[in-house]
Amino acid sequence: MHSEHIGSFYSAQLGDRRIHPELVGGFQSQIGIVGGGLAGLTAGIELLKRGRSVVLLEAERIGWGASGRNGGFVSAGFAEGMDAIEAAVGLEDAKKLYKLSQEGVSYVRRTLEGEGAATLIEGHGWLKVQRHKGADALKRRQEKMATHYGVDLDFWETEQLKSKLKTVRYFHGLHNPEPFHMDPLAYAEVLLEKFLRLGGIVHEETRVLSLKRNGASWRINTAHGCVSCEHVVLATSAYGVLNQTYYPVDRTMQPVATYVIASEVLGERLRDAVDFGGCVADTRRAGDYYRTVEGGERLLWGGRITTRRSEPKRLAELLKAQILQIYPQLGDFRVDFAWSGLMGYSRTKMPLIGELKPGLWAVTAFGGHGLSTTAMGGEVVAKGIAEGDDTWRLFNAFGPVWAGGSIGRLAVQAEYIRLQALDRFEEARSGRAG
């Protein structure tokens, strides 16, 4: 029985494609990649371009995990803030890391254009909005990003913000023109086609059971086959943790769930509320993020971050209620799609990228910031393997560190609850904007 993508707005657009059969029997390749998300596909493409043979193993379907379920925002940066990154590695290396993430954004854009898929880009720009009074923090961020990272962010006062987002909930915002948004599952399909065209081999529905060192090479064992290879690239993220793919990597991540819905076609009703075609996210610790899709006809909305691994009952109603708190003028509307996804967070909130043992590489733990950093990470790992490039060492300060297991999950959830209470207090004290 073939596994299918979960029901989502993205999978509904996917259409039929052939399934790449499970690995059966022995196979040899220079590179074995575990995980068929954006990181694994990008690493594979870049290795194929550098003349290596590559076989990619995916436990479900290509793009089945977080790669094909996320909000679709392509922007620079990491789950961890730049202040904390500077404290960990110093300003100069923090600049290099941010530059890498910017290159990830450029990589995605170039790939879409080069593959004739630029129409997948649905909108440009990012608005980071604030739901409480006090513009100082946003202005400090604006100044810091300009001074240290060469990023020009525009500060939006309340009235300017309300001209685009017709709500009394937002006080101030920062606008960045560089990010864009797209259908991430469709992008995974673009990468898959390029990977296959370059000569890569894909096996779906192939869960990895173990990795073993075999002399100078590695052996990847699956239920009905194995791959012998010089290098292994682990690109599994949160679903690898659930599948117990490779414990030394799995233990470094906490699976964190987020939830997304897509409305019915709202047309003018939506355009009268949201007159902005880019990405929108608020500054809360576990905030909402949203965008309009299908030419501004539907609203795609995500939020409710939690360490729970099961989908809550009444998911659609919960997120719909959040939307109507912001945009009550939308009135009652139907939710056509509702789904969840797990993100892999390391304790440092930074990706795990680099060589763990001779010939064993990781490119994972993107913490909800994967559309640009999977591109960056895949290319960095490919250069490390094929060219001996040591850029990946910039990430040495961030792991691997044990994430605490079930106790760590409880601690993370408790911290989310605390921070959400602070958010509610700030908003209650501020009242409404305008």
Side-chain angles (χ1 to χ4, degrees), residues 5 8 10-11 13-20 29 31-75 100-101 103-122 180-206 233-237 239-240 341 344 351 353 361-364 366 369-383 385-386:
H5 286 284
S8 72
Y10 304 133
S11 62
Q13 321 303 313
L14 187 60
D16 294 329
R17 71 159 173 82
R18 69 186 179 96
I19 295 173
H20 299 272
S29 178
I31 315 293
I33 296 177
V34 183
L38 301 179
L41 289 166
T42 305
I45 287 168
E46 293 303 313
L47 285 160
L48 289 163
K49 285 164 60 177
R50 289 165 172 80
R52 302 303 193 269
S53 59
V54 182
V55 60
L56 185 150
L57 308 178
E58 165 55 41
E60 304 288 348
R61 301 284 296 276
I62 293 297
W64 185 87
S67 290
R69 306 188 193 192
N70 60 76
F73 293 12
V74 186
S75 63
L100 282 175
S101 73
E103 290 171 2
V105 175
S106 298
Y107 183 100
V108 176
R109 191 188 301 274
R110 287 197 313 272
T111 299
L112 291 170
E113 292 172 350
E115 296 301 303
T119 55
L120 289 183
I121 298 176
E122 297 177 276
F180 59 93
H181 62 88
M182 65 176 184
D183 179 333
L185 185 55
Y187 176 58
E189 289 295 306
V190 169
L191 293 181
L192 172 61
E193 291 304 313
K194 184 171 185 177
F195 179 85
L196 294 170
R197 190 175 70 246
L198 291 171
I201 296 172
V202 173
H203 291 285
E204 296 177 297
E205 300 179 324
T206 303
V233 178
L234 293 169
T236 51
S237 199
Y239 292 94
I353 296 175
W361 298 75
V363 53
T364 188
F366 296 102
H369 284 64
L371 283 180
S372 63
T373 47
T374 51
M376 171 270 293
E379 188 170 35
V380 164
V381 165
K383 288 180 177 179
I385 293 172

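A quick note: this is a predicted structure, and the numbers were derived from the prediction, not measured. For reference, positions follow the sequence shown, starting with 1.
Looking at Thr236, its side chain never comes within 3.5 Å of a backbone N or O of Gly35 through a donor-acceptor pair. At least one donor-acceptor pair closer than 3.5 Å links the side chain of Ser67 to the backbone N or O of Leu38. A donor-acceptor pair is defined here as one N or O able to donate and one able to accept, closer than 3.5 Å; such a pair exists between the side chain of Ser8 and the backbone of Ser11. Judged by distance alone, the side chain of Tyr187 and the main-chain N or O of Ala117 form no donor-acceptor pair under 3.5 Å. With hydrogens and angles ignored, the 3.5 Å screen pairs no side-chain donor or acceptor of Glu379 with any backbone N or O of Thr42. No side-chain donor-acceptor contact under 3.5 Å links Ser106 to the backbone of Gly104.
The CD atom of Glu193 sits 10.5 Å away from atom CD1 of Ile45, with the distance rounded to the nearest 0.5 Å. Here Ile121 contributes atom CD1 and Asp183 contributes atom CG; the two are 12.5 Å apart, rounded to the nearest 0.5 Å. To the nearest 0.5 angstrom, Leu48 atom CG is 10.5 Å from Lys194 atom NZ. The structure places CG of Leu14 at 5.5 Å from NE2 of His5, a figure rounded to the nearest 0.5 Å. The line from CG of Leu120 to CD of Gln13 is 11.0 Å long, rounded to the nearest 0.5 Å. For the atom pair CD1 of Ile201 and CD1 of Ile31, the computed distance is 13.0 Å after rounding to the nearest 0.5 Å.
Salt-bridge formation is detected for the pair Arg197/Glu115: a Lys NZ or Arg NE/NH1/NH2 atom is positioned less than 4.0 Å from an Asp or Glu carboxylate oxygen. One finds no salt bridge joining Arg69 and Glu60 here, because no Lys/Arg side-chain nitrogen approaches an Asp/Glu carboxylate oxygen to under 4.0 Å. Between Glu46 and Lys49 there is a salt bridge, since at least one side-chain N of the basic residue sits less than 4.0 Å from a carboxylate O of the acidic one.
With contacts defined as side-chain heavy-atom distances shorter than 4.5 Å, the pair Ser372/Met376 does not qualify. Counting heavy atoms from C-beta on, the side chains of Leu192 and Glu189 come closer than 4.5 Å. Residues Leu371 and Asn70 form a side-chain contact, since some pair of their non-hydrogen atoms from C-beta on lies under 4.5 Å apart. With contacts defined as side-chain heavy-atom distances shorter than 4.5 Å, the pair Leu56/His20 does not qualify. Counting only heavy atoms from C-beta outward, the side chains of Phe180 and Glu122 never approach each other to under 4.5 Å. Residues Thr364 and Leu234 form no side-chain contact, since every pair of their non-hydrogen atoms from C-beta on lies 4.5 Å or further apart.
Of all non-hydrogen atoms in Tyr10 and Gly68, the two that sit nearest each other are CD1-O, 3.4 Å. Among all heavy-atom pairs drawn from Phe195 and Gly44, the shortest one is CE1-CA, 3.7 Å. Between Gly378 and Val363, the shortest heavy-atom distance links the atoms N-CG2, 3.8 Å. Across Ala188 and Gly63, no two heavy atoms sit closer than the pair CB-CA, 4.2 Å. Considering every non-hydrogen atom in both Ile353 and Val381, the closest pair reads CG2-CG2, 4.0 Å. Counting all heavy atoms, side chain and backbone alike, Arg50 lies closest to Ala386 at CD-CB, 3.7 Å.
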- Query: When you look at Val202 and Glu58, which way does the side-chain contact (heavy atoms from CB on, under 4.5 Å) test go after all the steps?
  - Reply: CA-CA 8 Å; Val202 173; Glu58 165 55 41; 5.7 Å; no

